[in-house]
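To start, the structure under review is shown below, and the notes come after it.
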Amino acid sequence: MIDINPKQIEKLLKRGVAEVIVEEDLKQKLLSGKKLRLKEGFDPSFPDIHLGHMVGLRKLRQFQELGHQVVLIVGDWTAQIGDPSGQSVTRPMLSAEQVKNNAQSYMEQFFKVVDKSNTEVRWQSEWFADFDLGDVIRLTSKFTLAQMLAREDFNHRYQNNQPISITEFLYPLLQAYDSVAIKADVEFGGMDQKFNLLVGRELQSMIGMKPQDILMTPLLVGTDGTKKMSKSLGNYVGIADPPREIFGKIMSIPDDLLFSYYELLTDIDDKELMNIGVALNNESINPMELKKGLALQIVEFLYDNQAALEAENHFRRTIQEKELPQEVEKCQLGNQTTSLREFILAAGLAKSRTDAKRLVIQKAVEVDGQTITDVNFKLKPGDVVKVGKRRYVRCV
RNA sequence: GGAGGAGUGCCGGAGUGGCCAAUCGGAGCAGACUGUAAAUCUGCCGCUCGGAAGGGCUUCACAGGUUCGAAUCCUGUCUCCUCCA
């Protein structure tokens with residue numbers, strides 16, 4: 001039932017793992033043949049999962065394949081506080097209503113990566129609904145301000161006279177209590193979760209439970225190549241994005257990111273991974289080709305082979321060969337909108353008349369393959385207007 | 001309860017009476033180039049008229065006021081932060 005192949009286990013604990021606490025302990029647990037409860041929590045404050053989350057989810061999936069049990073915690077309470085991790089400002093509270101809606105769509109995406117049949121979904125409200133003030137006081141009394149300030153982001157904010165709300169201190173405590181409630185053996189999370197994860201260990205042992213081990217995955221750098229992937233920074237590739245978009249976004253990552261993306265987001269074996277590293281270093285391969293391979297694999301994983309090939313094809317035609325895409329959006333050519341500028345505006349290709357004019361003057365507009373710099377250029381039905389690198393509209 | 005500080009364009013953040021639609025950085029958009037929607041370089045980046053030069057309009061929390069003239073000064077309001085208690 002439970003796979004205890006030491007080689008396999010060794011591999012899982014190495015590739016794409018930032019840190020394990022306590023490594024030796026976790027190894028023993030995995031070798032024991034016991035079915036482990038793998039905790040993963042999420043806050044339904046943002047309903048979208050991106051590739052950054054996928055790094056951890058893939059790890060979960062791999063452990064699942066050894067036969068272990070994933071316990072997914074829906075943080076319907078913590079979401080209302082907002083995770084302070086990595087934040088430099090206080091988060092606004094969400095309504096219980098919003099949280100419910102987000103959780104649903106979040107899970108749909110979650111199970112694109114993690115095996116649903118082997119996952120137990122638990123809502124925090126199962127145990128927090130009955131929490132009364134006494135419980136809260138008992139829970140908070142176990143921790144000190146010094147402990148909280150040991151945490152870097154709190155400390156930073158404190159030093160800089162930035163506000164920290166009391167509820168934010170509650171966040172790690174609630175998350176820790178989840179581990180108690182579901183008797184977690186291992187908790188998964190990104191490196192930015194370290195503090196929260198450690199509090200879970202602490203609380204468990206205070207209560208006389210064997211503390212969970214912690215497996216942290218590295219933070220994936222976003223498509224901008226500098227900051228961690230995050231929705232609010234806009235440098236993300238969403239798991240639910242359509243295939244073409246995923247493909248395109250992958251193609252736009254800086255070359256430097258290629259290796260880590262391969263390492264964290266694909267299943268290619270370690271040997272092949274090393275080869276890629278070498279090839280990148282001595283420039284014996286065109287990074288573009290590697291990027292295509294990466295994009296293919298990711299789209300295939302999230303959709304299927306056919307979608308991946310289609311997306312690649314689309315990329316090659318429209319971007320590399322600058323061909324017209326097969327289906328082009330249409331826009332009605334009204335009396336008022338026969339001039340190029342008006343049409344661009346009406347078709348939603350520019351946000352204002354000034355903006356439309358700017359595009360034309362900057363040589364960003366082509367009509368039937370000809371660059372046009374005259375804003376008053378008269379369009380006729382059938383003309384295809386191209387704005388920028390990849391936006392096309394046909395006049396009707 | 002008291003003292004002090006802050007609110008500027010998508011974000012960060014200059015600017016303390018005219019030279020300000022407002023420096024700079026980031027994001028974004030575009031062009032060139034390229035082995036790529038990478039990197040690099042260049043331009044743009046409130047609305048509007050104009051091919052352009054240039055003009056008009058609405059902006060610097062909100063509402064009033066002083067002034068020939070205000071993001072900048074005054075009054076009030078709202079919001080936020082810090083410190084003391």
Side-chain angles (χ1 to χ4, degrees), chain A residues 51 87-93 156-166 168 221-238 241-262 276 279-296 298-299 311-323 325 336 339-342 344-345 347-367 370-378 385-392:
Chain A
L51 293 187
Q87 293 304 125
S88 49
V89 283
T90 314
R91 289 258 189 106
M93 298 244 282
H156 181 80
R157 280 157 66 184
Y158 184 69
Q159 296 298 339
N160 287 286
N161 290 335
Q162 286 172 328
I164 301 170
S165 105
I166 304 283
E168 290 183 89
V221 177
T223 53
D224 61 345
T226 52
K227 299 187 208 80
K228 76 165 181 180
M229 185 173 282
S230 117
K231 182 167 183 185
S232 41
L233 294 172
N235 60 355
Y236 73 106
V237 181
D241 284 350
R244 287 177 181 182
E245 204 171 320
I246 294 177
F247 197 96
K249 283 184 181 174
I250 297 290
M251 289 307 290
S252 79
I253 62 171
D255 294 353
D256 308 343
L257 255 45
L258 265 171
F259 186 83
S260 70
Y261 271 47
Y262 263 104
I276 286 175
L280 278 170
N281 271 331
N282 61 23
E283 297 181 351
S284 62
I285 186 165
N286 182 348
M288 182 193 62
E289 296 302 332
L290 281 178
K291 232 181 264 183
K292 275 190 175 178
L294 176 68
L296 272 171
I298 290 174
V299 176
E312 182 191 27
N313 221 356
H314 179 259
F315 178 82
R316 184 175 46 71
R317 279 199 315 266
T318 59
I319 303 302
Q320 299 194 288
E321 293 166 12
K322 298 184 167 65
E323 265 181 33
Q336 301 299 316
S339 88
L340 187 54
R341 173 171 47 184
E342 296 303 320
I344 290 171
L345 182 66
L349 296 170
K351 64 181 199 292
S352 69
R353 202 162 272 123
T354 307
D355 193 34
K357 182 177 66 179
R358 252 193 309 266
L359 287 166
V360 175
I361 290 168
Q362 290 187 140
K363 295 190 171 69
V365 178
E366 285 179 19
V367 176
Q370 293 288 312
T371 302
I372 304 294
T373 52
D374 174 12
V375 288
N376 291 322
F377 183 85
K378 292 291 174 220
V385 178
K386 178 193 178 203
V387 174
K389 283 190 172 67
R390 54 186 185 226
R391 289 141 78 207
Y392 295 87

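Quick note on labels: first sequence line is chain A, next is B, and so on, each numbered from 1.
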Task: Per A/K351 side chain, nearest of listed nucleotides B/G51, B/A30, B/C47 - done: B/C47
When both hydrogen-bonding distances must be under 3.5 Å and the geometry is Watson-Crick or G-U wobble, what is [N] paired with, if anything?
{"N": "B/A22", "result": "none"}
{"N": "B/C80", "result": "B/G5"}
{"N": "B/A70", "result": "none"}
{"N": "B/U59", "result": "none"}
{"N": "B/C44", "result": "B/G28"}

Task: A/Y261 side-chain N/O to A/I253 backbone N/O, donor-acceptor pair under 3.5 Å - done: no
Between [N] atom [atom2] and [X] atom [atom1], what is the distance in whole Å?
{"X": "A/L257", "N": "B/A38", "atom1": "CG", "atom2": "C1'", "result": "10 Å"}
{"X": "A/E366", "N": "B/A30", "atom1": "CD", "atom2": "P", "result": "13 Å"}
{"X": "A/I361", "N": "B/C45", "atom1": "CD1", "atom2": "P", "result": "10 Å"}
{"X": "A/D255", "N": "B/U34", "atom1": "CG", "atom2": "P", "result": "16 Å"}
{"X": "A/L290", "N": "B/A38", "atom1": "CG", "atom2": "C1'", "result": "13 Å"}

- [ ] Look at the side-chain N and O atoms of A/K389 and state whether any lies under 4.0 Å from the OP1 or OP2 oxygen of B/G31.
- [x] yes
- [ ] Taking only the side-chain nitrogens and oxygens of A/R353, find out if one of them lies under 4.0 Å from OP1 or OP2 of B/C49.
- [x] yes
Open item on the list: Quiz question: going by heavy-atom distance under 3.5 Å, is there a donor-acceptor pair between the base of B/G31 and the side chain of A/Q362?
Closed with: no
Task: Nearest-0.5 Å distance that lies between atom CE in A/M288 and atom NZ in A/K292 - done: 5.0 Å
Task: Salt bridge A/K249-A/E245, side-chain N to carboxylate O under 4.0 Å - done: yes
TODO: Name the nucleic acid region contacted by A/D355, choosing base, sugar-phosphate or nothing; use a 4.0 angstrom heavy-atom cut-off, strictly under.
DONE: nothing
